[in-house]
Undergrad: 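Please see the structure below; I have some questions.
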Amino acid sequence: MSIPTTAPMSIPTTAPMSIPTAAPMSIPTTAPSLPSSDAPTSTYAKLLLLVSMLVKGGKLTQKQRDALKDRIIKGDANLTCALEVFEIEKDFDELADTFRRIADA
């Protein structure tokens with residue numbers, strides 16, 4: 001009995017993939033229009049992004065950021081209300097003031 005043999009298999013090769021690079025991110029001076037195709041859609045994600053932007057802009061401290069992050073995770077209704085007002089008013093200073101009051105409470 002003979003065992004049939006086949007030609008050795010060759011693995012096809014493709015051209016190396018290139019990974020696109022993004023332009024550096026800048027902090028906007030005016031409120032982003034939410035939602036857009038690039039903006040987060042969940043309340044949780046929006047709040048975390050806004051807190052991060054306000055910390056980078058020097059309007060919140062790291063301590064306030066930590067307190068707000070804990071409250072966001074717990075689903076604090078005050079933060080949800082602040083977000084709703086921000087989406088209408090688009091006032092970063094007012095949002096920062098509200099976030100500071102909530103964080104320091």
Side-chain angles (χ1 to χ4, degrees):
M1 178 166 165
S2 66
I3 300 174
T5 59
T6 59
M9 291 179 55
S10 64
I11 299 173
T13 58
T14 59
M17 292 177 47
S18 64
I19 299 173
T21 56
M25 192 171 119
S26 63
I27 298 174
T29 55
T30 59
S33 64
L34 300 175
S36 76
S37 61
D38 295 334
T41 56
S42 75
T43 299
Y44 178 84
K46 289 177 186 179
L47 287 168
L48 290 172
L49 176 62
L50 288 168
V51 167
S52 175
M53 291 171 64
L54 291 170
V55 170
K56 286 179 184 176
K59 296 188 180 280
L60 294 174
T61 66
Q62 293 294 327
K63 183 178 177 182
Q64 289 167 331
R65 179 196 63 126
D66 294 341
L68 290 168
K69 185 177 107 179
D70 290 341
R71 288 177 180 257
I72 291 168
I73 291 169
K74 292 177 184 174
D76 189 308
N78 292 319
L79 291 171
T80 303
C81 292
L83 175 62
E84 290 173 4
V85 170
F86 173 75
E87 288 180 325
I88 294 167
E89 305 276 328
K90 304 205 184 316
D91 185 341
F92 271 99
D93 291 328
E94 183 65 32
L95 180 67
D97 182 57
T98 302
F99 278 2
R100 280 192 297 272
R101 290 172 190 264
I102 293 170
D104 295 339

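No experiment lies behind these values; they were computed from the predicted model shown.
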Undergrad: Find the distance between CG (L68) and OG (S52) and round it off to the nearest 0.5 Å.
TA: 12.0 Å
Undergrad: Drop me the distance from L50's CG to L60's CG, to the nearest 0.5 angstrom.
TA: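 L50 CG to L60 CG: 10.0 Å, rounded to 0.5 Å.
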Undergrad: List the atom of L47, the atom of F99, and the distance in Å for their closest heavy-atom pair.
TA: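 Nearest pair, atom of L47 first, then F99: CD2-CZ, 3.8 Å.
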Undergrad: Using the test side-chain contact (heavy atoms from CB on, under 4.5 Å), find all partners of L48 that sit at least two apart in sequence or belong to another chain.
TA: Y44, K69, I72
Undergrad: Under the rule for side-chain contact (heavy atoms from CB on, under 4.5 Å), what residues qualify as partners of A67, not counting sequence neighbours?
TA: A103
Undergrad: Check for me, please, whether V85 and I102 land in the same ILVMFWY cluster - side-chain distances under 4.5 Å, paths through other members count.
TA: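 In one cluster: no.
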Undergrad: Please report the interatomic distance CG(L95) to CG(L83), rounded to the nearest 0.5 Å.
TA: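 That separation rounds to 8.0 Å.
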Undergrad: At their closest point, which heavy atom of K46 faces which heavy atom of T41, and how far apart are they?
TA: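 Heavy-atom minimum between the residues: CE-O, 3.6 Å.
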Undergrad: Holding to side-chain hydrogen bond (donor to acceptor under 3.5 Å, both in side chains), I want the full list of residues that pass it with R71, two or more places apart in sequence or in another chain.
TA: D76
Undergrad: Excluding sequence neighbours, so at least two apart, what forms salt bridge (Lys or Arg N to Asp or Glu O under 4.0 Å) with D93?
TA: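 Once residues adjacent in sequence are excluded, the partners of D93 under the salt bridge (Lys or Arg N to Asp or Glu O under 4.0 Å) criterion are K59.
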Undergrad: Mind checking side-chain hydrogen bond (donor to acceptor under 3.5 Å, both in side chains) for D66 and listing every partner two or more places apart, or none if nothing turns up?
TA: none
Undergrad: Rounded to the nearest 0.5 Å, how far apart are OG1 of T61 and CZ of R100?
TA: 9.5 Å
Undergrad: Using the side-chain hydrogen bond (donor to acceptor under 3.5 Å, both in side chains) criterion, which residues pair with T80? Sequence neighbours excluded.
TA: none
